[in-house]
Each structure stands twice: as structure tokens, then as C-alpha cells.
There are 2 protein chains.
Amino acid sequence: MSLSTVSRVLTGRTPVSEGLRARVEAAVAELGYRPNAAAQTLVSGRRSTVAVLARNTVRYGYAATLQGIEEAARASGFVVTIGVIESEEPDAMKGAVDLVLSQPLAGAIVVEFDALGVATLDALPESLPVVAAAGARRKVGSRPHAFLDDEAGGREATEYLLGLGHRTVHHVAIPATRARSGRSWGWRAAMKAAGVEPPKVIQASYDPDSGYDAGQRLARDPSVTAVLCGNDELAIGVMRALAEAGRRVPDDISVVGFDDQPFARMWTPPLTTVSQDFVGLGRRTFQLLAEWTATGRKPRSTSASPRLVVRSSTAAPPA
Amino acid sequence: MSLSTVSRVLTGRTPVSEGLRARVEAAVAELGYRPNAAAQTLVSGRRSTVAVLARNTVRYGYAATLQGIEEAARASGFVVTIGVIESEEPDAMKGAVDLVLSQPLAGAIVVEFDALGVATLDALPESLPVVAAAGARRKVGSRPHAFLDDEAGGREATEYLLGLGHRTVHHVAIPATRARSGRSWGWRAAMKAAGVEPPKVIQASYDPDSGYDAGQRLARDPSVTAVLCGNDELAIGVMRALAEAGRRVPDDISVVGFDDQPFARMWTPPLTTVSQDFVGLGRRTFQLLAEWTATGRKPRSTSASPRLVVRSSTAAPPA
DNA sequence: TTGTAGGCGTTATCAC
DNA sequence: GTGATAACGCCTACAA
């Protein structure tokens, strides 16, 4: 039989007689034949791989977002390639971007949790459908975004602490996406709204060690009774430093984390934190891209709402 | 000029006159031209993407291994695609495998930390270069492996506890790769070598909650003075249950974790655990594949050694 | 040093 | 319903 007959039974769109179809299927099974997606793409123009560009793939939020993207992509028959962007230095960035863009792509997804994500977005050509997964809900250029709205989370956590009777809430921040991360904006907004002048932000990294350093500074200041941390890892570092300095949580100082990592509820004391659905964020981000490639029109950004989970690391301030 | 001249300056292998080369480069820069890797692969047969197949991409060990693979791959000019294998159910497994194998691949890497990894290895065609990243050092068929040798880690941790004076060491296990995970084998081997009959293993999952359940059972047994956990998350769940039951760590019971996740040293008390270089494992695994594709010969498996990190969750048993 | 021609694996467009 | 054939974007002999 002819080559095109085989192609027809494989693609399934055109009717083929029962006998030929059966023979083709038998041969396919016997030979373990797999169509070559690259060749299909070449001729049909249909692209079935999406690239995920991210600063990091290990930290909880990043990894969980990637999981959501991969799940959704696989369900839709898309393959996911990952490209870690390690540096803003033009050559390194260009190299990493060029590497993933060298394949024919249906589109790209940028995990925009940090400043590097913003820069990555700028380095991508306008010709490619690009969407982003981000924290804070903001106006961010022309690329469709799926947001977590961690600004609302930061606000809620701060209001909760203030409502407990704390006169002020200190803040240990993760590195910011833009001027501030969304959660930092939320903290600040809630403070202003309550008529409290926000104390100086303690700028930290993402890891427990940098939280530990921040905790040591906080422990020296007797006016500190409540601390909002930019993530859970920071929070546990802060708590350890506090404990070593003889300050009790939550009796002397309340601590709130962010993200609700699996270990948070096992901590001593169980950590009050802001829960965010990263896996859902990943799925929603992929949906944005899927919609774009299907309809040809840029989709509208979407947003979700984090949720404050109150556990035992927070209480009213000491009398 | 002709099409092939352009191709020549792009590939760089054949000499081209200075003038033409400059004009081509100018045009490339102006148009933002990127060669289509799929088309290159089609004609040259050179493959530049590797697939990573894994049960999970979020948990620490998996995520860190993936990071190592990606770093090494990017440095060598390879693109990484990920395929999460969620189920051993033939159709689901075949679907996921077919999806990633539909692209032209230089090879595949299987993260063989669990039984699903073993099954995935079996589902991959012999024709494709396939290597695996694994925990226990064992004889495992014909596919080259990079090992972590967590069996040695389990042995060392158990010997350490026994050396502290504990009469027995209980074990809370993560799901096994084969009959037992390497760390469980190591525990068992050390117990036998010391002439101690290993108590019944408490089988758990990976997460703190399942460690918590195990901890509740352990707390009821007064003969328990030392516990080796299959990972750090399990360990913190165990410790929380122990604390709630009024058992002190390490005074009443010593607890050892596995993996040395970033939070381990911030725990109260700081967790004694077995540190493993997952990122290095990922790099080594990729090197195996790179060597294979470069030389055409199957490389030999490699192994590393984990390291016991003694902190404050372990002590001599109560008098 | 440069141009021409053939082919990689697949689909789409024609005739038949 | 089936079979030729062109074309996708690129590389590589080979000829000039």
C-alpha cells in the first residue's frame, strides 16, 4: 500500500478501508513505530511543545507551579521543556532563551515570581505566544498573566495580626519581583489602612538561613511582637533565632509564614501561614496559553485568592 | 547569495568569505532568525533534547535531581523535556511515555527513586539510550545508573545510633523501589551485623502526615528509643506526634531523618540526618547519557556516598 | 569559496 | 478509497 494510506490511518481524519487499516495497525504494533513529532511539526505547522522558563525549579512555589503546568500540558497532549534562567547577565540569558526557543514552540510560559522573570519576559520575542504565572495582581504589560494575588494574602495576614491587638507588624521580605513583591505591598497597604507607619522592611533571601539572620535582628528589638515573613522557610529561620534568643512564639512574638508548605503544620508550634494554590496556578497558566493558541486571540488574565490558615504561631501580644 | 552559503556561516564548519559572512550575520541579527532545531535534527540526525521521566517533580529529592540534570544539560547545549509518570496502569504509562518519545530524543533519563521508576525503565524501548538516577547501589539490569548509595547512608545512621547505646533502632520507611528502598536495606544490614533482630518496619508514605501517624504508633511502645526515618518530612511528622504524646527528643527518643532538606537544621531540635547530593546525582546522570551518545558505548554506573550530619535530635538512650 | 541537488519523516493536495 | 507528489526548514555531498 502507499505511504499516504499509512499516514491517513495514523492521523485518523480521512476514512480508510477496514482491511488496510487493520494491516497498518498490525505493522505499527509489531514495529513499535512512533511518528516523529518534529517532522509532523515541520510540515503541518502544528506545534505541541511549550517551554517553561523559570529562575528556579526546586523551591516549593516554583516546583508546584511547574507541576501544575506539566499536568495540564500532558492532559492536552503537549510536551513541556524547561529552561532555567540563572542570570540577568545578557549573554547567559540570551543563551538560555535561545536554547529553548530553537525548538518549534506552541508558546512559552514564564514563572514570574522574581525580577529575573520580569527580565525573561522582556527577552522573549513578540512573535511567540507568551504567558506568565505571577504572584501579585498588577498591570504588567501586554502579556496575559495568571495571578495568585498574594497581595491580598499579605493584607489579610497583616489585618489579622493587627486585629489580634499588635500595635505594629514587622516584615521579613523575599526578593521582590518589581519594587516590592505582592505580599510586601499587601502588608504595607494594610498597615497604612490601619493608620500604622510601616517599620523598615528586613530584606532577606528565600532560605531558612537568611530568615535566621533576620530573626536575630528582630530578637534584639523589644518592640517587635508580630512578624510577617515572605515565605515559610524564612519563618522557620526567624523562629529558630527567636527561640535561641529566649523569645517564645507565640507568647512573646507572633510569626506568620507564606505559602503553606507541607512542613508548616508540623512545625513547633504549627505555623500560621498564607496558603496558595501553586499547582492550580500552573494549570491556569497553561490554560491561558492553550486558549491563545486555540483561538488565536490573547486571553484575559485571571486571578485567584490565597487563604490565611491560622494555626498556633500567632496570638495576642503580651500584656 | 545562495541558501547554502547561509547554512555554512551558521554551522561554521565550512569556510566562508569575510564579506558574505558579515552580510549573513547582519541579516540574522536584523531578522532575529533562529535555526529550527527540529528541521536540523530531521536532516542531520543529531539530537539535542533529553527527556526526564519521573514520578514526581516537586518533592525535594526529585526536584533537586531534576535541577542537576537541567544544569548539566543546558551547559552541554541540550534541552530538557519532562514527563511525569503518574500511574503504573498500562494505558496511562504508555500515553505519558509515548508523548515524550514522540520527539526525536538524544536519550532519556529515568528518576528511579520508586517502584514506578522501575516500571518506567521497562516501558522504554531498547533502541533508545536510557540511563537512570537511583538511590540504592544494586545490580539493576542493563541500564547504566548513577547511584546515591543511600544504603550506605542507612547503615551509617543505624550504626551511629547503636553506637550511642540504643539496643534497637526502629524504622519508618518511605515507599520502596523494589522489595525495600536502599536506606531500608542499609538499616537492616546494620542491625543484622550488630546482632540485633530488626523490629517490624513501619511503612509510611513521603509526607509529614504519614510520619505523624507512624509517630503515634511509636509513642505507644515504651521500648522505642531510636527511630530512623526514610526522609526528613517523615521525621518531623514523627517528632510532632512524639511531642504531643509527651515524649522528648532526644532525651527519651532519638530521631534521624534522611536527605537533609534545608529546613532540617532549623527544626527544634535541629535534625540529625543523612545528607545526599541530589543535584550532583542529577549532573552525574546526565554525564552518563552524554558519554553514551558521544562514544556510542554504554557507560559504567557511578556511585556517590551520603554523609551523616549529626545535630541535636539524637543522644544516648535514657538510663 | 560558492552554488546545485537530494533527502530527512510527515502531511496535504491532487488526480484517479 | 487510494496513490503520487510537492512541500516543510535545514544540512551536506558534489560539482563548478
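Given the structure is predicted, the values throughout are model-derived calculations rather than measurements. Lettering of chains follows the sequences in order, A, B, ..., and the numbering in each one begins at 1.
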Are [X] and [N] close enough that a side-chain N or O sits under 4.0 Å from OP1 or OP2?
X	N	answer
B/Q40	D/dC11	yes
A/S2	D/dG3	yes
A/R8	C/dT10	no
A/R13	C/dA12	yes
A/S7	C/dT11	yes
B/S17	C/dT2	yes

With a sphere of 6.0 Å drawn around CZ of A/R21, does it hold more than 12 non-hydrogen atoms of other residues, nucleotides or ligands?
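Counting other residues, nucleotides and ligands, CZ of A/R21 exceeds 12 neighbours.
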Rounded to the nearest angstrom, tell me the gap between atom [atom1] in [X] and atom [atom2] in [N].
X	N	atom1	atom2	answer
A/R47	D/dC8	CZ	C1'	11 Å
B/E18	C/dT1	CD	C1'	13 Å
B/R46	D/dC10	CZ	C1'	11 Å

Before you tell me yes or no, could you show the steps for B/V24 and B/V16 under side chain to side chain contact (heavy atoms under 4.5 Å, CB included), namely the whole-Å CA-CA distance, both residues' side-chain angles and the distance that decides it to 0.1 Å?
CA-CA 10 Å; B/V24 170; B/V16 176; over 6 Å; no
Looking at B/R74 and A/E86, does any basic side-chain N land under 4.0 Å from a carboxylate oxygen?
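Salt bridge: yes.
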Nearest-nucleotide comparison on DNA chain C, the residue closer to the 5′ end among B/V43 and A/R34:
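Looking at DNA chain C, the more 5' nearest nucleotide goes with B/V43.
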Comparing B/T14 and B/L42 on DNA chain C - which has the more 5′ nearest nucleotide
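The residue whose closest nucleotide sits nearer the 5' end is B/T14.
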Counting side-chain heavy atoms from CB outward, which of [options] is closest to [X]?
X	options	answer
A/S4	C/dT10, C/dA12, C/dG3	C/dA12
A/A39	C/dT10, C/dT2, D/dA4	C/dT10
A/N36	C/dT2, C/dG9, D/dC10	C/dG9
B/M1	D/dC8, D/dC10, C/dG3	C/dG3
A/L3	D/dG3, C/dT11, D/dC10	C/dT11
A/T5	D/dC11, C/dG9, D/dT2	D/dT2
A/T11	C/dT11, D/dC10, C/dT10	C/dT11

Which part of the nucleic acid does B/L20 contact within heavy-atom distance under 4.0 Å: base, sugar-phosphate only, or nothing?
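Sugar-phosphate contact only - B/L20 comes under 4.0 Å of backbone atoms but never of a base.
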Could you check whether B/R21 gets within reach of a base, just the sugar-phosphate, or nothing at all, counting any heavy atom under 4.0 Å?
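Since no nucleic acid heavy atom lies under 4.0 Å of B/R21, the category is nothing.
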Is there a donor-acceptor contact under 3.5 Å from the side chain of B/S7 to the main chain of B/L3?
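Between the backbone of B/L3 and the side chain of B/S7 there is no qualifying donor-acceptor contact (under 3.5 Å).
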Does a donor on one side chain sit under 3.5 Å from an acceptor on the other, for A/E71 and A/Q67?
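Short answer, yes.
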